[in-house]
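It should be emphasised that the depicted structure is a prediction, and the values quoted were computed from it without experimental measurement. Numbering starts at 1 and runs along the sequence shown.
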Amino acid sequence: MTDHYDVIVAGAGPAGAQCARDLAARDYEVLVLETEAEDEFPRQSNKSTAGTFPSMMASFNVPSDVVMNYTDNVVLESPNKHYVQDRAGAVLEFADFKQWLVEEGRSKGAEYWFDARVANPIMDGGEIVGVEYNGSQEVYADVVVDGTGPSAPLARELGVSELERQNQAIGIEYEFEGIDVDHDQYADLTDAMMLRLDHNIAPGGYSWIFHTGEDTAKVGLCYIQNESYQSRGQGGMTIDDYLDYWLDADPRFANATKLQGKMHRGSAHIQMPERLSTDNFMAVGDTVPTIDPLWGEGIHKCMESGRVAAVTADRCLTPNDPDTSAENMATYDDLWHERVAPRMRNRLLMTKLLYLAPNERYDQLMTDLRQTPDETLAKANKGSPLAIGKLIHAGDLPILVDYAKDRFDTTGSSPASAVAAIAKLLQN
């Protein structure tokens, strides 16, 4: 056992574990520090809906034995309508997936310490050179990677992460059996991943049913907590209350029962990142806010960020005279914006406009999607200004103005000025 490594990774989630896996495969000495005990890893509070697509499965060689169900369709629902798109996908058993990633990293030489809660960076000359864990324990490295998610103890201390509570989305999910996935009042959800836009169920967010086989499914919801998005909600209701309301109101759940021990909670931030790296340091995964408006794909984004962090560390540590200065580590920032979250400002705009729209607008969106080519939504989800424009109506002007006033501080400006600010954002 050594007290100095090439790279320390805080957090064994998809981003941190993938970063460790890639670096260990390049023969670097890598240490992963994980808060949870190994025999409990991962706990119910540290899981994901785990819906993904073939691109992610192929890119990271994910084995089929961590897949709960392969799906054929993505279904979008509004309060009164729906839209079905043929798109192959997979719903992962997230615990098995994370454990597989750990074993993959170990098989390539990465070292894992469980029951190791990272608390603070160890600084020398204004630069991070290691971390404190479990109170007073210390370990050192040339490069440190924070993959601890929204808690982000290292990134916050270094001024890299500026996650704001008003942009935090929270989520809850249960696994059920006894669900009627082909109810005659709704789209057939057999072998499908469904996302529902409905403020009565998830004000300022969305809910989902991911079919996991036979009569079982993952069912949950998430929403942004701030007042703008919660204005359409019911006062005093918690996220658990909204889920209970949906379970009581939707006939697909009439005979459904929760599976014991299959409840998950989580959170993420929906905002632009300020910085992603500094001297000897990078932030990956949900430590850095990323979002896709509808498809989600949180796992893929996290793993891609872990991969580009590994590429960056390799580049900085390879020369005979390694250079892990902030300037050199900024390669990670460039790769992140290119590969992990391209056109993020546009995608963030679409996300926030989407969650601000009224329920009637969601019904109209389903109609619009049926009348446009299938690739329109996929392109809009990737931030294409042209595709986003195809889904915006003249009647959306009040939403655009409200968003622009909040985003650009254009209070008192004309609607035309507010919309011009958004148009400029899309052009950039």
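Arg21 and Gln18 share a donor-acceptor pair across their side chains, judged by distance under 3.5 Å alone. A donor atom on one side chain and an acceptor atom on the other are found under 3.5 Å apart for Thr238 and Asp241. Neither side chain, Asn73 nor Asp191, offers a donor N or O lying under 3.5 Å from an acceptor on the other. No hydrogens or angles considered: a donor-acceptor pair under 3.5 Å links the side chains of Glu175 and His264. Of the N and O atoms on the side chains of Tyr186 and Asp180, not one donor lies less than 3.5 Å from an acceptor on the other residue. Side-chain N/O atoms of Tyr112 and Glu38 include no donor and acceptor closer than 3.5 Å.
Within the structure, ring-ring contact (aromatic ring centres under 6.0 Å, His included) pairs that include any residue of residues 150-170 do not occur (at least two apart or interchain).
Looking at residues two or more places apart in sequence or on another chain, you find a ring pair (Phe, Tyr, Trp, His ring centres under 6.0 Å) between Tyr223 and Tyr242. By the ring pair (Phe, Tyr, Trp, His ring centres under 6.0 Å) test, His199 is found to be paired with Tyr362, residues two or more places apart in sequence or in another chain being considered. Scanning for ring pair (Phe, Tyr, Trp, His ring centres under 6.0 Å) contacts around Phe176 gives an empty result, with sequence neighbours left out. Listed by chain and number, the residues in a salt bridge (charged side-chain N to carboxylate O under 4.0 Å, His left out) with Asp250 are Arg252 (sequence neighbours excluded). For His393, the ring pair (Phe, Tyr, Trp, His ring centres under 6.0 Å) criterion is met by no residue, not counting sequence neighbours.
Ring orientation note: the planes of Tyr133 and Trp113 are tilted relative to one another, at an angle of 30° to 60°.
Not a single donor-acceptor pair under 3.5 Å links the side chain of Asp124 to the backbone N or O of Val129. Of the possible polar contacts, one joining the Glu93 side chain to the Ala95 backbone as a donor-acceptor pair under 3.5 Å is found.
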Apply salt bridge (Lys or Arg N to Asp or Glu O under 4.0 Å) to the pair Arg106 and Glu103, showing each step before the final yes or no. CA-CA 5 Å; Arg106 279 176 164 164; Glu103 291 310 311; 3.3 Å; yes
Check the pair Leu221, Tyr206 against side-chain contact (heavy atoms from CB on, under 4.5 Å), reporting the backbone distance first and the verdict last. CA-CA 6 Å; Leu221 63 91; Tyr206 61 92; over 6 Å; no
Met282 and Trp336: side-chain contact (heavy atoms from CB on, under 4.5 Å), yes or no, with the steps? CA-CA 11 Å; Met282 293 173 283; Trp336 189 92; over 6 Å; no
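We find the CD-CZ distance between Gln99 and Phe41 to be 7.0 Å, quoted to the nearest 0.5 Å. How far OG1 of Thr287 is from CG of Asp146: 4.5 Å, rounded to the nearest 0.5 Å.
A heavy-atom distance below 4.5 Å is not found between the side chains of Trp246 and Asp198.
Here the closest non-hydrogen pair linking Ala387 and Thr376 is CB-O, 3.5 Å. Nearest heavy atoms, Ser64 versus Tyr70: CB-OH, 3.2 Å.
Just one of Arg361, Lys81, Lys390 meets the salt bridge (Lys or Arg N to Asp or Glu O under 4.0 Å) condition when paired with Asp368; it is Arg361. Screening Val288, Thr312, Leu335 for a side-chain contact (heavy atoms from CB on, under 4.5 Å) involving Leu276 leaves a single residue, Val288.
Around CG of Asp240, the count of heavy atoms belonging to other residues, nucleotides or ligands within 6.0 Å exceeds 12.
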